[in-house]
2 protein chains.
Amino acid sequence: MATDYEVPAIRRAHQILETLATKGTPVSAADLGLATGLPKSTLYLLLESLVQRRWIEKRSDGYLIGIGLYTLGASYLRHDALQEAFRHAAVEFVEREKEVLQLAVLDGDEVVYIAREDAPRPVRLVSELGSRLPAHACALGKALLAQLPEAKLQQLLPARLPAITEHTVTDLAQLLEQLREVRRSGVATEQEEVTAGLCCFAAYVGQTPSGKSIAVSTSIPVARLDAQRRSDIRGEIANVAAQMKKAIVG
Amino acid sequence: MATDYEVPAIRRAHQILETLATKGTPVSAADLGLATGLPKSTLYLLLESLVQRRWIEKRSDGYLIGIGLYTLGASYLRHDALQEAFRHAAVEFVEREKEVLQLAVLDGDEVVYIAREDAPRPVRLVSELGSRLPAHACALGKALLAQLPEAKLQQLLPARLPAITEHTVTDLAQLLEQLREVRRSGVATEQEEVTAGLCCFAAYVGQTPSGKSIAVSTSIPVARLDAQRRSDIRGEIANVAAQMKKAIVG
DNA sequence: CGGGAATTTCCAACATATTGGACAGTAAAA
DNA sequence: TTTTACTGTCCAATATGTTGGAAATTCCCG
């Protein structure tokens with residue numbers, strides 16, 4: 001920890017992979033050069049190495065994230081038998097409410113989705129597995145942030161939070177107030193702060209043995225919500241979280 | 001392609017990550033040293049770099065694959081809108097047969113699972129997402145291998161294939177004969193060649209725009225199968241594959 | 001509390017990875 | 001055909017990554 005030295009090749013590789021992952025579509029070597037600022041010679045050497053490892057794949061129209069990286073990354077999901085515990089806890093909820101249920105982990109000031117149980121008629125708008133969202137904007141993030149001490153929050157989040165939609169909370173003080181409310185009620189909410197027409201409810205699950213901070217949430221079109229159902233959902237999401245908690249702590 | 005040179009840091013990082021991914025549980029720095037043969041100094045430098053990138057995570061009892069690698073790798077799933085197409089094609093089958101449906105891609109002589117639609121009562125024995133299986137042993141693998149020219153197969157596979165269970169086909173000639181049959185019927189089968197008590201049916205889907213060779217399969221406990229149902233399943237799996245093919249080709 | 005083993009940090013000498021730029025091949029546009 | 005733009009390859013100088021070993025730190029059990 002004393003040194004902030006980094007193996008340069010790793011940094012360079014990371015730049016390339018991040019560019020490819022963000023883009024999602026094939027990226028040409030020339031564009032990668034522009035995006036990363038790497039010299040051509042270095043770039044081709046690295047690309048060749050990454051292709052050999054299957055971390056990336058080469059197509060006629062550019063480079064893509066490869067199956068090797070997928071395989072390695074997927075190992076993350078096997079920690080703590082989370083998938084199994086989640087599915088077990090989720091099935092009943094989805095059955096009854098016919099709405100999607102998601103599992104996510106906190107990474108810094110972002111939330112990463114790591115499991116999902118789809119409803120019979122999936123909502124097109126929910127986030128894909130592995131995708132990230134700013135924690136301050138979504139219900140999951142609020143549920144997770146609410147577990148951190150305020151001091152930590154102060155250093156993690158800037159005073160002015162980036163907006164995603166016009167409803168996103170952008171004022172830190174206001175967010176902190178919401179988090180206090182989350183702590184009181186045990187359930188975090190968000191309405192159209194990420195996606196227009198979508199409302200989310202989330203509850204904190206706990207820390208897994210391997211140290212991940214996780215929470216569950218559901219995303220429901222506002223059109224399918226009234227006061228009564230909101231209240232029901234809040235209760236149920238808290239239940240699911242409690243059930244999962246029981247399953248994952250040794 | 002002229003050079004088989006590799007950026008050394010990438011190779012070293014790969015060794016570490018592969019070790020962690022294979023193990024699945026925290027691995028100590030000392031064990032990583034043993035497993036990879038890397039000098040202590042090098043190892044710690046690399047670990048530090050990987051931790052900074054979130055490719056790995058450090059716990060009190062060792063290192064684990066990190067969320068950053070998961071995020072990067074998950075991008076692989078977004079190619080070709082495969083998840084969506086798969087779910088769409090799978091739902092009906094699962095609904096009717098109450099059995100699991102899986103999607104996989106061929107990587108060399110291995111099959112990698114990339115999507116799954118679970119049955120209401122999930123079979124505990126099916127492979128997890130991101131996991132690999134030798135292609136020659138499973139139905140998915142046979143469906144995929146059957147699409148390759150024999151010359152390619154000869155160079156891809158050794159004459160004696162490794163056995164997983166006592167039923168695994170270990171003789172290349174015998175496998176090639178099976179593959180011919182797969183080409184004729186359009187459906188590949190495997191019974192207890194991977195897991196005792198489990199029988200699989202698979203059908204080739206096609207090449208995605210980004211060049212992946214994919215197939216779908218179902219895994220069913222032999223206890224739930226009779227001659228009639230086997231025949232039904234074969235027809236349905238072929239249907240699912242055909243439906244997916246329609247969806248993914250531009 | 002110690003003492004001994006395991007873990008982690010640090011550094012300078014050395015080995016080697018990186019890179020600019022020249023060059024070649026290819027495909028589509030002029 | 002020439003032009004343009006992009007994709008790769010190659011090489012030698014040198015900037016820089018790597019490593020053995022010593023030292024510091026942490027951990028754990030008697």
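It should be emphasised that the depicted structure is a prediction, and the values quoted were computed from it without experimental measurement.
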Rounded distance in Å - CG (B/L43) to C1' (D/dG17): 16 Å

Report the distance from atom OH of B/Y44 to atom C1' of D/dT26, rounded to the nearest whole Å. 11 Å

Nearest-Å distance for atom pair CZ/C1', residues B/R12 and C/dA15: 11 Å

Between the side-chain atoms of B/K40 and the base atoms of C/dT7, is any donor-acceptor pair under 3.5 Å? no

Is the terminal nitrogen or CZ of A/K212 (NZ for Lys, CZ for Arg) located under 6.0 angstrom from the six-membered ring centre of A/Y76 and within 45° of that ring's axis? yes

Using atom CG of A/L45 as one end and atom P of D/dT7 as the other, report the distance to the nearest whole Å. 17 Å

Spacing between A/E48 atom CD and C/dA17 atom P, to the nearest angstrom: 15 Å

Between atom CG in A/L47 and atom C1' in D/dT7, what is the gap in whole Å? 11 Å

The residue among A/D31, A/L32, A/L50 that forms side chain to side chain contact (heavy atoms under 4.5 Å, CB included) with A/Y63 is A/L32

Indicate every side-chain donor-acceptor pair of residues 14-24 of chain A with a distance under 3.5 Å to a residue at least two apart or in another chain.
unit_1, atom_1, unit_2, atom_2, d
A/H14, ND1, B/W55, NE1, 2.8
A/T19, OG1, A/Q15, O, 2.7
A/T22, OG1, A/E18, O, 2.6

Looking only at the side chains, is there a donor atom on one of B/R12 and B/T36 sitting less than 3.5 Å from an acceptor on the other? no

Less than 3.5 Å apart, any donor N or O on the side chain of B/S210 or A/R59 sitting next to an acceptor on the other? no

The correct set of residues in residues 14-36 of chain B placing a heavy atom under 4.0 Å from DNA chain D is none

Between A/A9 and A/S41, which is nearer to the 5' end of DNA chain C once each is assigned its nearest nucleotide? A/A9

To the nearest angstrom, how far is B/D61 atom CG from C/dA6 atom C1'? 15 Å

N/O donor to acceptor pairs below 3.5 angstrom from side-chain atoms of residues 135-152 of chain B, sequence neighbours left out:
unit_1, atom_1, unit_2, atom_2, d
B/H136, NE2, B/P162, O, 2.7
B/K142, NZ, B/Q178, OE1, 2.7
B/K142, NZ, B/T189, O, 3.4
B/K142, NZ, B/E193, OE1, 3.0
B/K142, NZ, B/E193, OE2, 3.1
B/E150, OE2, B/R180, NE, 3.2
B/E150, OE2, B/R180, NH2, 3.3

Mind calculating the distance between CD (B/E6) and C1' (C/dT16) to the nearest angstrom? 15 Å

